[in-house]
Novice: 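Please see the structure below; I have some questions.
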Amino acid sequence: MKKHIYIYSPSGAVRDKAAFKRGVARLQALGHEVELDADALSRHQRFAGDDETRLASIHRAAASKADVALMSRGGYGLTRILPGIHYKKVAKAIEQGMLFVGISDFTAFQSAVLARTGAVTWAGPALCEGFGVADAPDDIMTACFDDLLLGQGEGAGWRQHRDTFSGTASAADATAASEQGMASWRVTHASLWGGNLSILSALMGTPYFPEIKGGILFLEDVGEHPYRIERMLTQLLYAGVLARQKAIVLGQFTEFKLVPHDRGFRLQSVVQWLKTRVKVPVLTNLPYGHVATKVLLPVGAKADLSVEGRDALLFWGHGGS
């Protein structure tokens with residue numbers, strides 16, 4: 001299963017070089033050939049090199065003929081260089097089998113590639129936060145990454161939060177049933193897209209925001225108070241984006257701090273509010289986001305989504321492609 005993995009830095013500068021080295025060593029220990037971009041550890045202000053340097057790293061990754069182009073870390077920086085990306089070169093590399101993988105700020109790249117070319121990229125780990133952790137990398141994340149390399153990844157299943165699972169679906173998009181008082185429904189052949197909520201909302205109104213109708217939109221974020229999450233969801237709501245989807249799937253929203261004057265306003269409040277504003281089903285607890293345990297998701301692929309009460313299954317295998 002030896003694969004050629006190209007490590008590059010299109011976003012923020014690598015601050016934790018020990019994590020970077022651990023990640024490289026672990027991938028090599030798994031038998032992979034790891035190629036480091038010449039500017040993987042470069043730095044300009046808070047970025048991994050100036051804009052031209054990071055653009056060049058993306059294009060070198062696309063030209064590397066590697067099996068996987070894995071970003072070193074997220075942070076910030078991709079949105080400011082989107083106009084300079086040679087999307088045809090990226091799409092050609094993907095067509096030839098390259099898998100672009102990343103998280104967080106990578107949502108800007110993924111959204112732009114999808115909007116401009118329709119090509120599929122993968123929401124998953126970055127090198128440092130996924131493979132460079134001080135302890136052993138998460139088993140589920142590692143297994144999902146291995147499945148991706150083997151071409152065997154076909155889906156992800158999870159259980160929604162007890163007090164937030166959605167029991168409704170539009171009649172046009174799902175078949176309703178009842179099992180022990182909980183809904184059963186299914187969405188088929190829908191475009192899977194999304195990622196970091198902050199990045200997506202920042203791309204609204206630009207040529208780099210995918211115009212997806214009838215899709216499955218997944219969202220996550222880190223360090224954003226629930227009221228900010230609600231504010232960004234409101235932007236997508238008022239723009240008509242949410243109403244055009246077949247389902248909204250909320251992943252992990254982490255590392256925020258509630259304060260006394262919230263007076264009971266919390267993430268659960270936002271979820272319940274959202275469910276009163278849209279007619280499409282809203283699911284929770286997708287194992288994806290700024291957490292150790294996360295699945296890998298094909299952004300831009302066709303997928304099926306099945307729900308039995310709290311249990312959800314997202315499938316993009318033979319039946320979802």
Side-chain angles (χ1 to χ4, degrees), residues 1-43 48-49 54 57-75 93-94 96-106 109-110 120-158 195 220 222 251-252 254 287-299 316-317:
M1 193 191 71
K2 179 179 179 180
K3 297 293 183 178
H4 178 190
I5 301 176
Y6 192 92
I7 306 297
Y8 69 116
S9 300
S11 297
V14 173
R15 297 198 300 266
D16 190 343
K17 293 184 179 180
F20 183 94
K21 293 178 181 178
R22 283 194 298 266
V24 170
R26 282 176 175 142
L27 290 174
Q28 290 174 331
L30 292 171
H32 302 306
E33 174 192 350
V34 179
E35 180 179 359
L36 301 183
D37 183 78
D39 291 311
L41 293 174
S42 293
R43 180 155 196 165
R54 287 178 291 112
S57 74
I58 294 173
H59 300 145
R60 284 194 295 269
S64 68
K65 300 188 182 302
D67 298 295
V68 178
L70 180 66
M71 73 184 312
S72 63
R73 68 175 296 262
I94 294 171
Q96 294 174 342
M98 182 174 289
L99 304 167
F100 281 86
V101 182
I103 190 171
S104 193
D105 193 50
F106 195 63
F109 176 83
Q110 294 186 296
V120 174
T121 57
W122 288 80
L127 175 72
C128 294
E129 61 84 36
F131 295 98
V133 291
D135 298 323
D138 181 80
D139 289 341
I140 292 176
M141 183 274 294
T142 303
C144 289
F145 189 77
D146 289 344
D147 284 345
L148 175 63
L149 298 184
L150 291 169
Q152 296 178 347
E154 294 189 335
W158 74 97
E220 62 83 25
V222 61
Q252 305 302 306
T254 54
Y288 180 76
H290 288 70
V291 289
T293 302
K294 56 175 163 283
V295 296
L296 276 77
L297 302 169
V299 174
W316 55 83

Novice: Going from CH2 on W158 to OG1 on T293, what distance comes out if it is rounded to the nearest 0.5 angstrom?
Specialist: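 One finds 15.0 Å between CH2 of W158 and OG1 of T293.
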Novice: Which heavy-atom pair separates S104 from G75 by the least distance, and what is that distance?
Specialist: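 Result for this residue pair: OG-N, 4.5 Å.
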Novice: Show the nearest heavy-atom pair for residues M98 and A69, with the distance to one decimal.
Specialist: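 Closest heavy-atom pair between M98 and A69: SD-CB, 4.1 Å.
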Novice: Is there a donor-acceptor pair under 3.5 Å between the side chain of R73 and the backbone N or O of A13?
Specialist: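 Confirmed, R73 side chain pairs with A13 backbone.
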Novice: Under a 4.0 Å threshold between the charged nitrogen and the carboxylate oxygen, would D39 count as salt-bridged to R60?
Specialist: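 Counted as a salt bridge, because a side-chain N and a carboxylate O are separated by less than 4.0 Å.
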Novice: Measuring from atom CD of E35 to atom CD1 of I7, what distance do you get when rounded to the nearest 0.5 angstrom?
Specialist: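 Here the interatomic distance stands at 10.0 Å.
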Novice: Hey, what's the ring geometry for F109 with F100, parallel, tilted or perpendicular (30° and 60° as the breaks)?
Specialist: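 Tilted.
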Novice: Just verifying a value: how many Å separate C128 SG and L70 CG, rounded to the nearest 0.5 Å?
Specialist: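 Reported value, rounded in 0.5 Å steps: 9.0 Å.
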Novice: For the CG atom of D37 and the OG atom of S42, what is their distance to the nearest 0.5 Å?
Specialist: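 D37 atom CG to S42 atom OG measures 8.0 Å (nearest 0.5 Å).
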Novice: Is there a donor-acceptor pair under 3.5 Å between the side chain of W316 and the backbone N or O of A156?
Specialist: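 No, the answer is negative, given that no donor and acceptor are paired below the 3.5 Å cut-off.
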Novice: So, the side chain of H32 versus the backbone of K3: is there a donor-acceptor pair under 3.5 Å, distance only?
Specialist: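 Yes, H32 side chain to K3 backbone: donor-acceptor pair under 3.5 Å.
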Novice: Just jot down the side chain to side chain donor-acceptor pair (under 3.5 Å) partners of S57, sequence neighbours excluded, or say none.
Specialist: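 Listed in chain order: nothing, the list is empty.
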Novice: Let me confirm one number: the CG-CD1 distance from L127 to I103, rounded to the nearest 0.5 Å.
Specialist: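 The CG atom of L127 sits 13.0 Å away from the CD1 atom of I103.
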Novice: Give me the atom names and distance for the closest heavy-atom approach of P125 to V101.
Specialist: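 Taking every non-hydrogen atom into account, O-CG1, 3.6 Å.
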Novice: What is the minimum heavy-atom distance between D16 and R22, and which atoms define it?
Specialist: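 The answer is OD2-NH2, 4.3 Å.
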Novice: Say whether, by atom type as modelled, one donor and one acceptor occur between the side chain of D67 and the main chain of H4 under 3.5 angstrom.
Specialist: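 Yes, the answer is positive, given that a donor and an acceptor are paired below the 3.5 Å cut-off.
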Novice: Are any non-hydrogen side-chain atoms of P287 and I140 less than 4.5 angstrom apart?
Specialist: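 Not touching, per the 4.5 Å side-chain cut-off.
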Novice: Report yes if the side chains of V68 and W122 come closer than 4.5 Å at any heavy-atom pair, otherwise no.
Specialist: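 Sidechains of W122 and V68: no contact.
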Novice: Using a 4.5 Å cut-off on heavy atoms from C-beta on, say whether the side chain of L41 contacts that of L36.
Specialist: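 The answer is no, as the side chains (C-beta and beyond) never meet within the 4.5 Å cut-off.
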Novice: Any idea which heavy atoms bring P10 and M71 closest together, and the distance?
Specialist: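 Shortest heavy-atom contact: CD-CB, 4.0 Å.
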Novice: Could you tell me which non-hydrogen atom of Y288 sits nearest to which non-hydrogen atom of V295, and how far apart they are?
Specialist: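 Heavy atoms of Y288 and V295 come nearest at CD1-O, 3.3 Å.
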Novice: About how many Å separate CZ of F145 and CG of L296, when rounded to the nearest 0.5 Å?
Specialist: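 CZ of F145 is found 7.5 Å from CG of L296.
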